[in-house]
Amino acid sequence: MRTAVVVGAGMAGLATAGALSRAGWQVILLERGERIAASPTALVLWSNGRRALESLDPDGGWSAIAAPLPDGGVRRPDGQWLVAPRARNGTVLQPAPGPTDGAEHPNPSGSGPAPAVVHLQDLYDALVAGLGDRVEIRTGCAVSSVRISTRRRPVVAVGRTAIEADLVVAADGIDSQVRRALAPESVAVGSGFAAWQAVIPAYRVPHLSAEEAAGGETLGAGYRFVSIPLGERAAGRGGVYWVATAAGAPRPEPPATQLALLRRWFADWHSPVAALIEATHADDLVPQEVRELRPLPRAYGFRSGPGGVVLLGDAAHAMPHHLGQGACLAFEDAATLRSLAADAAPGEALVAAIDEYSRLRRPRTTSVVRQTRRMSAVVQARGRLALRARDAALNHMRPRILGGNVLGSADWMPPE
């Protein structure tokens, strides 16, 4: 029986554990927390992320929990369009009637499935449901060390307990203990931004015009605000998901004070920005420190006897979320690993699969990280000349929102 240990039960760890179990692996899933829980926010699944999820679990019913991502365009704080939304007969496009009916909606910007938005609670529920009986979940288990050698299988330590397996998957986030042991050159550093996310339940969403209900993105001088409708079925209550970012260090104040600051900072922005923040309660707000890995690990795969260790998701390539590609790349990682390791037996085949995973994933993620860092300069633009250059660049790029402009995202396919 082939055995795997997946460290971390976030989105990437859950997706990987489920995919390996369906391929016949016996999996131990280790979670530091006392329970597996989703943040009360949402996630944009670009075409590559949707395709990766669907390849990991074709029967996962993803269309039932995802709502189509409308093209709300990009504006300045005064409401002037930087990138107008695609229009039909002069009318702003509105969200299509969901893929909640199981129907597929084409992607107007590429060949992949249409971008969508999903509430994280719904996504976690679907991923947990797909784990199967070959996955043993152990919560309250913080990995303290990992050991690799030339002859023996990799070993992870949880306190005084050593767990040996053919394959260890480090999906334990930007502060990964596994990565610190195997790639200490890669360090988590601040990106110079603070971020806030929230979901406003449908009953609290202010009255919005048809144009405002389509959401969209607004860029100011060092500030950014994105709003996206979630669809009627999201977490059983629908609503609106929004993200705000501001240049600077994360705020130390409690959520209620931070929310008051956001209301002041965005008070004079075009409608409905201020109204959405006003409708947000302090317990809806999820403050975040935006961090990244510099440099990226030198490799994402490490041999150990007949198997080895792989880095996946934020443990491998945490980046600023300006393009919203972090989770999508993590699902790409999981889909690539599953494709390469699904039928690989411990020994030469599994070691080759680990090497190939690193060879495929590192250039791909390096390219997206480079694009994300360029976008950081766009979001940080300040001063008249810098803002003019940013506005001209956006008009040339023509993104639906900034994350839709990642090169090759619509065409990405898992390896056969």
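It should be emphasised that the depicted structure is a prediction, and the values quoted were computed from it without experimental measurement. Below, all heavy atoms of this structure are taken into account, side chains as well, without hydrogens, waters or symmetry copies.
- Looking at Arg152, its side chain never comes within 3.5 Å of a backbone N or O of Glu164 through a donor-acceptor pair.
- The closest donor-acceptor contact from the side chain of Ser339 to the backbone of Pro415 lies under 3.5 Å.
- Remark: side-chain polar atoms of Ser186 are not paired, donor with acceptor, to backbone N or O of Ala183 under 3.5 angstrom.
- Nearest approach of Ala195 to His321, heavy atoms of both residues: CB-CE1, 3.3 Å.
- Side-chain N/O atoms of Thr280 and Trp242 include a donor and acceptor closer than 3.5 Å.
- At least one side-chain heavy atom of Tyr357 sits under 4.5 Å from a side-chain heavy atom of Leu312.
- Trp25 places a side-chain N or O within 3.5 Å of a backbone atom of Ala341 that can act as its donor or acceptor partner.
- Salt-bridge formation is not detected for the pair Glu54/Arg51: no Lys NZ or Arg NE/NH1/NH2 atom is positioned less than 4.0 Å from an Asp or Glu carboxylate oxygen.
- A donor-acceptor pair is defined here as one N or O able to donate and one able to accept, closer than 3.5 Å; no such pair exists between the side chain of Ser304 and the backbone of Gly307.
- Using a 4.5 Å heavy-atom threshold, the side chains of Gln325 and Gln371 count as separate.
- Checking side-chain atoms of Ser55 against main-chain N and O of Ala52 turns up a donor-acceptor pair under 3.5 Å.
- Donor-acceptor pairing under 3.5 Å is lacking for the side chains of Gln177 and Ser144.
- Of all heavy-atom pairs between Glu278 and Arg263, the closest is O-NH2, 3.2 Å.
- For the pair Val118/Trp62, no side-chain contact is recorded, criterion being any heavy-atom separation below 4.5 Å from C-beta on.
- Within the 3.5 Å criterion, the main-chain N or O of Arg75 finds no donor-acceptor partner in the side chain of Thr218.
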- Task: Please step through ring-ring contact (aromatic ring centres under 6.0 Å, His included) for the pair Trp265 and Tyr223, ending with a clear verdict.
- Result: CA-CA 9 Å; Trp265 292 341; Tyr223 294 85; 5.8 Å; yes
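- Between the side chain of Arg134 and the main chain of Val27, no donor-acceptor pair closer than 3.5 Å is present.
- Checked for salt-bridge contact, Asp172 and Arg32 miss the test: no charged N lies under 4.0 Å from a carboxylate O.
- With respect to Arg298 and Glu185, a salt bridge is recorded, a charged nitrogen being found less than 4.0 Å from a carboxylate O.
- Shown here are the side-chain contact (heavy atoms from CB on, under 4.5 Å) partners of Arg294, two or more places apart in sequence or in another chain: Val189, Glu292, Arg373.
- Looking only at distances, a side-chain donor or acceptor of Arg362 sits under 3.5 Å from a matching main-chain atom of Pro297.
- The line from CG of Asn48 to CD of Glu332 is 4.5 Å long, rounded to the nearest 0.5 Å.
- Under the 3.5 Å distance criterion, the side-chain polar atoms of Ser176 are left unmatched by any main-chain donor or acceptor of Ala315.
- The CH2 atom of Trp196 sits 15.5 Å away from the OG1 atom of Thr41 when rounded to the nearest 0.5 Å.
- For the pair Leu296/Thr366, a side-chain contact is recorded, criterion being any heavy-atom separation below 4.5 Å from C-beta on.
- Between Arg180 and Val178, every side-chain heavy-atom pair lies at or beyond the 4.5 Å cut-off.
- To the nearest 0.5 angstrom, Thr3 atom OG1 is 12.0 Å from Glu136 atom CD.
- Counting heavy atoms from C-beta on, the side chains of Ile28 and Val6 never come closer than 4.5 Å.
- Here CD1 of Ile36 is found 7.5 Å from OG1 of Thr139. Values are rounded to the nearest 0.5 Å.
- Glu212 has its side chain within reach of Ser271: a pair of non-hydrogen atoms, C-beta onward, lies under 4.5 Å apart.
- To the nearest 0.5 Å, the span separating CG on Leu53 from CG on Leu127 amounts to 6.5 Å.
- Between Asp333 and Arg361, at least one side-chain N (NZ, or NE/NH1/NH2) sits under 4.0 Å from a carboxylate O, which counts as a salt bridge.
- Rounded to the nearest 0.5 Å, atoms CE (Met11) and CG (Leu43) are 5.5 Å apart.
- Between Pro250 and Pro287 the shortest side-chain heavy-atom distance does not fall below 4.5 Å.
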